[in-house]
Novice: 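Before I ask anything, here is the structure I am working with.
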Amino acid sequence: MFHVKPRIVAVANQKGGVGKTTTAINLGAALAAYEHETLLVDLDPQANCTSGVGCKPDGGDPTSYQVLTGAGSIAQASRPTGFPHLRIVPSTADLAGAEVELVGMMGREFRLRDALDGDGIEGYRFILVDCPPSLGLLTVNALAAADALIVPIQCEYFALEGLSDLMQTVEQVRRFLNPSLALDGILLTMYDERTNLALQVAEEVRSVFGNDVFKTVVPRNVRLAEAPSFGRPIHAYALRSRGSQAYLQAGREYLERLGGAHGA
Ligand code: ATP
Ligand code: MG
């Protein structure tokens with residue numbers, strides 16, 4: 001058994017509803033299915049990642065809010081999901097307050113990074129951080145802590161709109177906070193192969209981002225939309241669905257892309 005540092009990956013895009021949470025849960029679950037210890041960190045006050053893996057924190061439980069404000073460690077806030085190799089640091093609506101409270105705190109951009117430097121991350125191969133749909137302090141904390149980001153893009157009109165804002169933020173983060181932040185990939189989501197539009201969007205994204213785009217494309221699949229209401233990753237809800245197969249494939253592709261120390 002050898003020890004490697006976990007790869008910390010922010011799943012980010014300030015555009016709402018593009019598949020960040022669905023990707024964090026199901027790419028995370030795919031990596032876990034390949035027996036890589038994986039930790040999800042819900043950094044969104046909407047807490048969709050939390051409920052999507054069936055986690056319901058009680059009032060007193062430490063969550064990502066305590067982690068960011070320094071009142072709790074990752075070790076204290078992380079818990080099992082009920083799915084093998086997959087744990088989560090949950091969030092609650094309280095986290096919305098952290099965005100405001102952090103503004104006055106020292107090292108406000110490095111709260112998550114510092115927490116992920118401490119106890120409780122030994123043994124993980126992947127830490128996937130589900131970001132909220134904004135470029136505020138929560139997302140900046142994720143980008144400052146991360147080795148890399150994965151950007152889900154919905155195959156719809158305006159898919160590329162706003163992406164330049166995200167890339168500008170990434171550049172700023174690289175310049176001032178985290179020089180080694182990498183782009184691990186852009187994942188096309190909610191792809192509807194019956195429409196020319198999806199095809200066009202996919203082609204456009206590939207022409208701009210080239211090999212940074214995952215070859216695997218996640219289709220629009222109703223099972224993916226249903227699974228969170230059962231508190232399950234797609235593989236534990238509808239293994240044979242196209243959505244499940246796509247995220248398993250994306251997980252495989254990701255491991256192959258990383259190769260070396262993080263390979264399968
Ligand atoms: P937010 O910006 O609000 O955090 P998000 O980027 O995390 O949103 P999701 O919550 O993952 O996006 O997805 C938005 C909606 O689309 C959800 O209802 C989700 O279940 C659904 N969805 C995501 N991916 C797919 C897919 N491939 N096929 C069908 N539905 C999907
Ligand atoms: Mg989300």
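Heavy-atom basis, side chains included; hydrogens, waters and symmetry copies ignored. Just so you know, ligand 1 is whichever comes first in the structure, and atom 1 is the first atom listed for that ligand.
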Novice: How far is atom 3 (O) of ligand 1 from the closest protein heavy atom, and which atom is that?
Specialist: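 Checking every protein heavy atom, the shortest distance to atom 3 (O) of ligand 1 gives Gln46 NE2, 3.1 Å.
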Novice: List the steps, then state whether side-chain hydrogen bond (donor to acceptor under 3.5 Å, both in side chains) holds for Thr216 with Glu253.
Specialist: CA-CA 7 Å; Thr216 308; Glu253 182 182 348; 2.6 Å; yes
Novice: Before you tell me yes or no, could you show the steps for Arg7 and Tyr124 under side-chain hydrogen bond (donor to acceptor under 3.5 Å, both in side chains), namely the whole-Å CA-CA distance, both residues' side-chain angles and the distance that decides it to 0.1 Å?
Specialist: CA-CA 8 Å; Arg7 189 158 188 86; Tyr124 291 114; over 6 Å; no
Novice: Is a donor on one side and an acceptor on the other found under 3.5 Å between the side chain of Asn13 and the backbone of Pro152?
Specialist: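 At least one qualifying donor-acceptor pair exists.
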Novice: For His36, is there any backbone N or O sitting under 3.5 Å from a side-chain donor or acceptor partner on Thr38?
Specialist: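 Yes; at least one donor-acceptor contact below 3.5 Å.
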Novice: In the protein, which heavy atom is nearest to atom 5 (P) of ligand 1, and how far is it?
Specialist: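 Of every protein heavy atom, Lys20 N, 3.5 Å lies nearest to atom 5 (P) of ligand 1.
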Novice: Please lay out, stage by stage, how Asp61 and Arg79 fare under the test salt bridge (charged side-chain N to carboxylate O under 4.0 Å, His left out).
Specialist: CA-CA 10 Å; Asp61 294 341; Arg79 54 165 83 197; 2.8 Å; yes
Novice: Quick one: which ligand 1 atoms are inside 4.0 Å of a heavy atom on Gly16?
Specialist: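 Going through ligand 1 atom by atom, the ones under 4.0 Å from Gly16 are 2 (O).
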Novice: With a 6.0 Å cut-off (strictly less than), is the heavy-atom count around CZ of Arg223, excluding the residue itself, greater than 12?
Specialist: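 Result for CZ/Arg223: open.
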Novice: Closer than 4.0 Å to some heavy atom of Asp44 - which atoms of ligand 1 meet that?
Specialist: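 Counting from 1, the qualifying ligand atoms are 4 (O).
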Novice: Report the protein N/O/S neighbours of the Mg ion (ligand 2) that fall below 2.8 Å; do not count waters.
Specialist: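 Sorted hits: Thr21 OG1.
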Novice: Does the pair Gln249 and Tyr254 meet the rule for a side-chain hydrogen bond (donor to acceptor under 3.5 Å, both in side chains), with working shown?
Specialist: CA-CA 8 Å; Gln249 176 69 38; Tyr254 186 40; over 6 Å; no
Novice: List every atom of ligand 1 that sits less than 4.0 Å from any heavy atom of Leu224, numbering the atoms from 1 in the order shown and giving each element.
Specialist: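 Going through ligand 1 atom by atom, the ones under 4.0 Å from Leu224 are 20 (O), 26 (C), 27 (N).
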Novice: Asn221 heavy atoms, cut-off 4.0 Å: which ligand 1 atoms fall inside?
Specialist: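 Under 4.0 Å from Asn221, ligand 1 has these atoms: 26 (C), 28 (N), 29 (C).
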Novice: Answer yes or no for atom 17 (C) of ligand 1: protein heavy atom present at a distance under 4.0 Å?
Specialist: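 Protein heavy atoms within 4.0 Å of atom 17 (C) of ligand 1 - there are none.
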Novice: Tell me the protein heavy atom at minimum distance from atom 26 (C) of ligand 1, and give that distance in Å.
Specialist: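 Result: Met190 CG, 3.5 Å.
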Novice: With a 4.5 Å heavy-atom cut-off, do Arg232 and Val53 have their side chains touching?
Specialist: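 Answer no - side chains too far apart.
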Novice: What are the two closest heavy atoms between Gln245 and Leu239, and how far apart are they?
Specialist: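 Answer, listing the atom of Gln245 first, then Leu239: NE2-O, 2.7 Å.
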Novice: Passes salt bridge (charged side-chain N to carboxylate O under 4.0 Å, His left out), Glu203 versus Arg206? Steps please.
Specialist: CA-CA 5 Å; Glu203 275 178 5; Arg206 287 191 197 282; over 6 Å; no
Novice: Going by the order shown, which atoms of ligand 1 are within less than 4.0 Å of some heavy atom of Val18?
Specialist: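 Checking each atom against Val18, I get 5 (P), 6 (O), 12 (O).
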Novice: For atom 19 (C) of ligand 1, which of Thr21, Val218, Val11, Thr22 has the closest heavy atom?
Specialist: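 It is Thr22 whose heavy atom sits nearest to atom 19 (C) of ligand 1.
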Novice: Out of Ala24, Ala225, Ser241, who gets a non-hydrogen atom closest to atom 30 (N) of ligand 1?
Specialist: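 Considering heavy atoms of Ala24, Ala225, Ser241, the nearest to atom 30 (N) of ligand 1 sits in Ala225.
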Novice: Is there a side-chain hydrogen bond (donor to acceptor under 3.5 Å, both in side chains) between Ser64 and Asp42 once you walk through the steps?
Specialist: CA-CA 7 Å; Ser64 55; Asp42 194 344; 6.0 Å; no
Novice: Closest by any non-hydrogen atom to atom 27 (N) of ligand 1: pick that one out of Gly243, Pro219, Gly19, Ser134.
Specialist: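 That would be Pro219.
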Novice: Would you mind running through ligand 1 and noting each atom that sits below 4.0 Å from a heavy atom of Gly17?
Specialist: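 Near Gly17, the atoms of ligand 1 are 1 (P), 2 (O), 3 (O), 5 (P), 6 (O), 8 (O), 12 (O), 14 (C).
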Novice: Is it true that Glu35 and Arg125 make a salt bridge, defined as a side-chain N closer than 4.0 Å to a carboxylate O?
Specialist: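 No.
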